Amino acid sequence: MALAAPERNPHTVGDEDTVASIEDAFEALSAVAPEGWRVELIEGEIHVVPPANGEHEEIVSEVADQVAGRRKDSKLRTRTGLGLRVPGASLAGKVVPDLVIAPKGSFGDTLEYHGPAPVKLVGEVTSESTAHNDRGPKMRGYARAGIPFYLLVDRAAGQVVLYSEPAGERYTREAAVAFSKTITLPAPFDFDIDTGEF
């Protein structure tokens, strides 16, 4: 479910009351969302996302396990359920990627939403309710934020895409493989993800 926020142009800082009303609506929905539901603010729209199904969570867990078992840099940590502020994605972009990889200690504060600077990779696993955002607005937001890698597990397309080299609101390089193949994560990861486990 998406609720359109009053301000639709992410690059125009309009009336302060409008910005405040978007933030107020986001905070109000976040406060009353049922457990397991996520509320995100993406390119001026508030999205209320239902809990993921079992297949989705199995894939997220598999990627996290493979990263933990194969990482060359022992300081890299994989997180799920971590909120990120993605400047430029909206007046106050707030998203919860399925997977975040960043160095240990990057998020040792009490904030709900964190700056994206230490993030090395974000990952999303598409669902019927999130696929549009995962392929478009969130990808643009991650690129604008300068996150070096975006791993998209697109269940509907049956493929995994690794986007890299962000420039503006897009990634300039992509590598895609069908499910059952391996996809290489370059430095600082330097290992393959086996999508056959999905």
Side-chain angles (χ1 to χ4, degrees), residues 10-11 26 30 38-45 47 49 52 56-57 59-127 130-154 160-176 183-193 195:
H11 302 291
F26 175 82
S30 294
R38 296 184 316 200
V39 181
E40 298 180 309
L41 181 55
I42 306 167
E43 293 188 337
E45 291 186 353
H47 297 265
V49 182
H56 177 282
E57 289 304 296
I59 293 171
V60 171
S61 293
E62 182 61 35
V63 173
D65 288 349
Q66 287 190 38
V67 169
R70 298 175 182 168
R71 68 179 183 238
K72 304 283 190 259
D73 183 345
S74 64
K75 293 181 181 168
L76 289 178
R77 295 291 184 266
T78 303
R79 296 160 183 85
T80 59
L82 182 78
L84 291 179
R85 288 187 324 276
V86 183
S90 68
L91 293 171
K94 294 181 178 179
V95 297
V96 182
D98 291 325
L99 189 78
V100 174
I101 301 175
K104 180 179 179 177
S106 295
F107 309 109
D109 53 38
T110 59
L111 299 174
E112 262 187 86
Y113 293 90
H114 306 271
V119 177
K120 304 297 181 198
L121 179 147
V122 289
E124 297 286 1
V125 177
T126 61
S127 297
T130 66
H132 169 75
N133 284 332
D134 293 342
R135 293 182 194 120
K138 285 178 108 174
M139 180 170 55
R140 289 190 296 273
Y142 298 146
R144 280 190 214 109
I147 296 172
F149 297 99
Y150 174 39
L151 184 71
L152 177 65
V153 179
D154 194 327
V160 177
V161 184
L162 179 66
Y163 296 94
S164 60
E165 299 181 15
E169 65 175 29
R170 66 185 196 92
Y171 285 93
T172 60
R173 180 171 287 206
E174 67 181 75
I183 190 160
T184 301
L185 299 183
F189 308 103
D190 294 317
F191 63 85
D192 294 341
I193 297 267
T195 70

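This one's a predicted model, so the numbers in the text were calculated from it and none came from an experiment.
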Throw together a table of side-chain donor-acceptor distances under 3.5 angstrom for residues 103-113, partners on residues two or more places apart or in other chains.
residue : atom : partner : partner atom : Å
S106    : OG   : P103    : O            : 2.6
D109    : OD1  : L111    : N            : 3.1
D109    : OD1  : H114    : ND1          : 3.2

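Considering only residues two or more places apart in sequence or on other chains, Y171 meets the ring pair (Phe, Tyr, Trp, His ring centres under 6.0 Å) condition with none of them. Legend: residues meeting ring pair (Phe, Tyr, Trp, His ring centres under 6.0 Å) with Y163, ordered by chain and number and at least two apart, are Y150. With sequence neighbours excluded, the residues satisfying salt bridge (Lys or Arg N to Asp or Glu O under 4.0 Å) with R173 are E165. Partners of S127 by side-chain hydrogen bond (donor to acceptor under 3.5 Å, both in side chains), not counting sequence neighbours, listed by chain and number: R155. When the salt bridge (Lys or Arg N to Asp or Glu O under 4.0 Å) test is applied to R71, no partner is found at least two apart in sequence or on another chain.
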Is there a side-chain contact (heavy atoms from CB on, under 4.5 Å) between L151 and V63? Walk through the geometry before answering. CA-CA 10 Å; L151 184 71; V63 173; 4.2 Å; yes

Under the criterion side-chain contact (heavy atoms from CB on, under 4.5 Å), I'd like the reasoning laid out for L185 against I193: C-alpha separation, chi angles, the key distance, then a yes or no. CA-CA 7 Å; L185 299 183; I193 297 267; 3.8 Å; yes

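You'll find the side chain of L99 stays beyond 4.5 Å of the side chain of V122, heavy atoms only. Between I59 and S61 there is no side-chain heavy-atom pair separated by less than 4.5 Å. Contact of the V119 side chain with the I101 side chain is not registered, since no non-hydrogen atoms from C-beta on lie closer than 4.5 Å. Residues K94 and V86 fail the side-chain proximity criterion, which asks for heavy atoms closer than 4.5 Å.
Side-chain contact check for D192 and T184: at least one donor-acceptor pair (N or O, by modelled atom type) lies under 3.5 Å.
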